[in-house]
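These notes concern the structure reproduced below.
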Amino acid sequence: CADMAMYQAKACGRNNFQFFTSEMQHKVTQTLDLENRLRHALDRNEFFLTYQPQVDIASGRIIGLEALLRWQPEGQPLVLPGQFIAIAEETGLIVPIGEWVLRQACHQLHHWHQSGLLAEEVSMSVNLSVRQLENKSLLSTLDSILKETGLKPSQLELEITESAVMKDPEVAVSVLRTINQLGIQVSLDDFGTGYSSLSYLKILPLDVLKIDRSFVNDIGGDPSHEAILQAIVTLSKNLNLRVVAEGVETEAQLTFLRKLHCHSIQGYFISKPKSAEQIEALLRTARHGCLPGLEPPVTPL
Ligand code: C2E
Ligand code: MG
Ligand code: MG
Ligand code: MG
């Protein structure tokens, strides 16, 4: 790609060549700069977690929270995971960063359990990168974080993507089996966006399947897309998996998912990811674990 750009630039004369190289140089410098800043972000305390609730459709209750990482470099704009997770993975920095996320999320959930803001059965979901899955010390890290925070293994859920599993299926399956045997829940994230969805369902030790938001986005459009959604929900039930629909933004999408008997939802319709303080404020408005407006419908559908 870079060669192609140079070739095109050369064809346009020397000045253009200069223009393209400085453009590319700029990109490389930017990436290196980001990498450098990322290297120091943990020491400088620049990360924080946001949390997004997952709600059981039938009862309207909050059943879990997903921890989503944010990076706030001093004096600079907020950085979203889409802009730094890939670099953190390439550099291996995701291993210490991911450990910080796990520890922070578990401490936070324990605190919310203790203070009575959340019921004991509400769990915390944490995204796990393939680099963490491959890391030899993952199991001992998980073990010490659970001991440290006093959480039960069943109160922690680890989300992995199909593409992460596909990098090295044998290692992934064996590590996930051990994790699952410890009682930690395993969730398959972004389901339907990978390539070998169905075959992995046979070999992975799963508790939860998260339907990618692109399918939810299709609701109300092409009927064949809705048929696929229905099939995924039915499949999950038959495999005894809890199914979460991601990216629910409208009441119409919720109504449709309720008709399909989809177990639970996550999305902007319920709440955007919020800081710990904002979540606490939200939880104070909840009654019997239900957020206002999400109480079960009077007439069952
Ligand atoms: P994900 O695990 O699939 O998380 C869901 C993403 O969808 C989040 O983006 C969330 O803010 C967004 N989302 C939730 N509901 C809606 C909705 O109704 N509409 C729309 N348009 N979007 C919605 P976010 O926080 O930017 O994170 C993006 C991805 O970055 C995550 O996707 C996950 O793969 C990764 N990520 C986030 N935190 C971590 C982390 O701590 N560790 C690792 N390894 N990856 C992380
Ligand atoms: Mg996730
Ligand atoms: Mg997802
Ligand atoms: Mg994703």
Side-chain angles (χ1 to χ4, degrees), residues 38 41-42 46-55 64-72 77-109 123-135 138 141-142 145 156-165 167 172 185-194 197 206-219 232 242-254 256-257 264-276 278-279:
L38 199 53
L42 262 188
E46 293 177 340
F47 290 115
F48 69 97
L49 293 182
T50 58
Y51 303 89
Q52 191 179 35
Q54 294 172 355
V55 166
L65 294 162
E66 178 174 2
L68 293 159
L69 185 59
R70 298 292 180 260
W71 177 23
Q72 179 62 78
L78 182 75
V79 195
L80 292 172
Q83 297 164 266
F84 70 87
I85 291 287
I87 295 178
E89 284 180 337
E90 279 162 33
T91 51
L93 286 167
I94 195 68
V95 174
I97 294 173
E99 183 174 337
W100 179 87
V101 173
L102 277 165
R103 184 169 277 108
Q104 180 73 15
C106 288
H107 272 292
Q108 185 62 76
L109 182 67
S123 58
M124 180 65 75
S125 300
V126 176
N127 293 285
L128 203 69
S129 149
V130 64
R131 296 292 294 263
Q132 292 172 273
L133 209 55
E134 291 166 349
N135 194 277
L138 176 67
T141 302
L142 286 170
I145 290 177
L156 176 63
E157 187 176 301
L158 298 178
E159 299 194 357
I160 44 125
T161 60
E162 291 168 73
S163 45
V165 172
K167 295 245 165 73
Q185 301 187 63
V186 178
S187 165
L188 191 59
D189 204 353
D190 302 345
F191 182 74
T193 55
S197 317
L206 293 176
D207 302 286
V208 184
L209 195 147
K210 297 187 80 174
I211 305 177
D212 191 70
R213 72 162 184 265
S214 56
F215 292 96
V216 175
N217 218 6
D218 284 337
I219 294 173
I232 299 176
R242 186 154 62 74
V243 57
V244 185
E246 292 191 280
V248 177
E249 294 183 356
T250 67
E251 177 137 41
Q253 289 168 347
L254 166 58
F256 185 83
L257 289 160
S264 47
I265 56 166
Q266 186 180 339
Y268 294 171
F269 181 67
I270 310 263
S271 162
K272 287 201 168 177
K274 288 175 187 289
S275 70
Q278 291 171 320
I279 284 288

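Start at 1 and go down the list; that is how both ligands and their atoms are numbered. The shown structure was predicted, so the numbers you read here are calculated from the model rather than taken from an experiment.
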Specify side chain, backbone, both or neither for [X], according to which of its non-hydrogen atoms lie closer than 4.0 Å to ligand 1.
{"X": "Glu89", "answer": "neither"}
{"X": "Asp190", "answer": "side chain"}
{"X": "Ile85", "answer": "side chain"}
{"X": "Lys210", "answer": "neither"}
{"X": "Arg70", "answer": "side chain"}
{"X": "Val101", "answer": "side chain"}
{"X": "Lys272", "answer": "neither"}
{"X": "Gln266", "answer": "neither"}
{"X": "Val248", "answer": "backbone"}

### Query
Would a 4.5 Å heavy-atom cut-off, applied to side chains only, mark Leu142 and Leu156 as touching?
yes
### Message
Against Asp189, only a single residue in Asn127, Ile160, Asp212 fulfils side chain to side chain contact (heavy atoms under 4.5 Å, CB included); can you say which?
### Response
Asn127
### Query
Judged by non-hydrogen atoms, does Gly247 sit under 4.0 Å from ligand 1?
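Right, Gly247 reaches ligand 1.
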### Task
May I ask whether Pro273 places a heavy atom under 4.0 Å from ligand 1?
yes
Any atoms of ligand 1 less than 4.0 Å from a non-hydrogen atom of [X]? List them with their elements.
{"X": "Glu249", "value": "17 (C), 18 (O), 19 (N), 20 (C), 21 (N)"}
{"X": "Leu69", "value": "38 (N), 41 (O)"}
{"X": "Asp189", "value": "1 (P), 2 (O), 3 (O)"}

### Message
Any N/O/S atom from Asp189 (main chain or side chain) under 2.8 Å of the Mg ion (ligand 3)?
### Response
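Within the cut-off used here (under 2.8 Å), Asp189 does place an N, O or S atom near the Mg ion (ligand 3).
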### Query
So, is Asp212 placed with an N/O/S atom under 2.8 Å from the Mg ion (ligand 3), counting both backbone and side chain?
no
Pick whichever of [options] has a heavy atom sitting closest to [atom].
{"atom": "atom 30 (O) of ligand 1", "options": "Ser271, Pro81, Ala164", "result": "Pro81"}
{"atom": "atom 46 (C) of ligand 1", "options": "Ile270, Asn127, Leu49", "result": "Asn127"}
{"atom": "atom 5 (C) of ligand 1", "options": "Gln104, Gln132, Glu246", "result": "Glu246"}
{"atom": "atom 23 (C) of ligand 1", "options": "Tyr268, Phe269, Phe84, Phe47", "result": "Tyr268"}

### Message
I'd like to know: is the Mg ion (ligand 2) within the 2.8 Å range of an N/O/S atom from Asn127, strictly under that distance?
### Response
yes
### Query
Would you say ligand 1 has an N or O under 3.5 Å from any N or O of Leu68?
no
### Query
Under 3.5 Å, N or O to N or O, is Arg213 touching ligand 1 that way?
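Between Arg213 and ligand 1, an N or O pair is found under 3.5 Å apart.
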Would you check if the side chain of [X] reaches a backbone N or O of [Y] as a donor-acceptor pair within less than 3.5 Å?
{"X": "Glu134", "Y": "Arg131", "value": "no"}
{"X": "Gln52", "Y": "Ser271", "value": "yes"}
{"X": "Gln104", "Y": "Trp100", "value": "no"}

### Message
Pair Glu66, Ser125 - check side chain to side chain donor-acceptor pair (under 3.5 Å), show working.
### Response
CA-CA 4 Å; Glu66 178 174 2; Ser125 300; over 6 Å; no
### Task
Looking at Glu66, pick out the N, O or S atom nearest to the Mg ion (ligand 2) and give its name.
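That would be atom OE2.
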### Task
Report the name of the N/O/S atom of Glu159 located nearest to the Mg ion (ligand 2).
OE1
### Geometry at the Mg ion (ligand 3) - Asp190 OD1 versus Glu246 OE2 angle, rounded to 10 degrees
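Angle OE2(Glu246)-the Mg ion (ligand 3)-OD1(Asp190): 150°, rounded to 10°.
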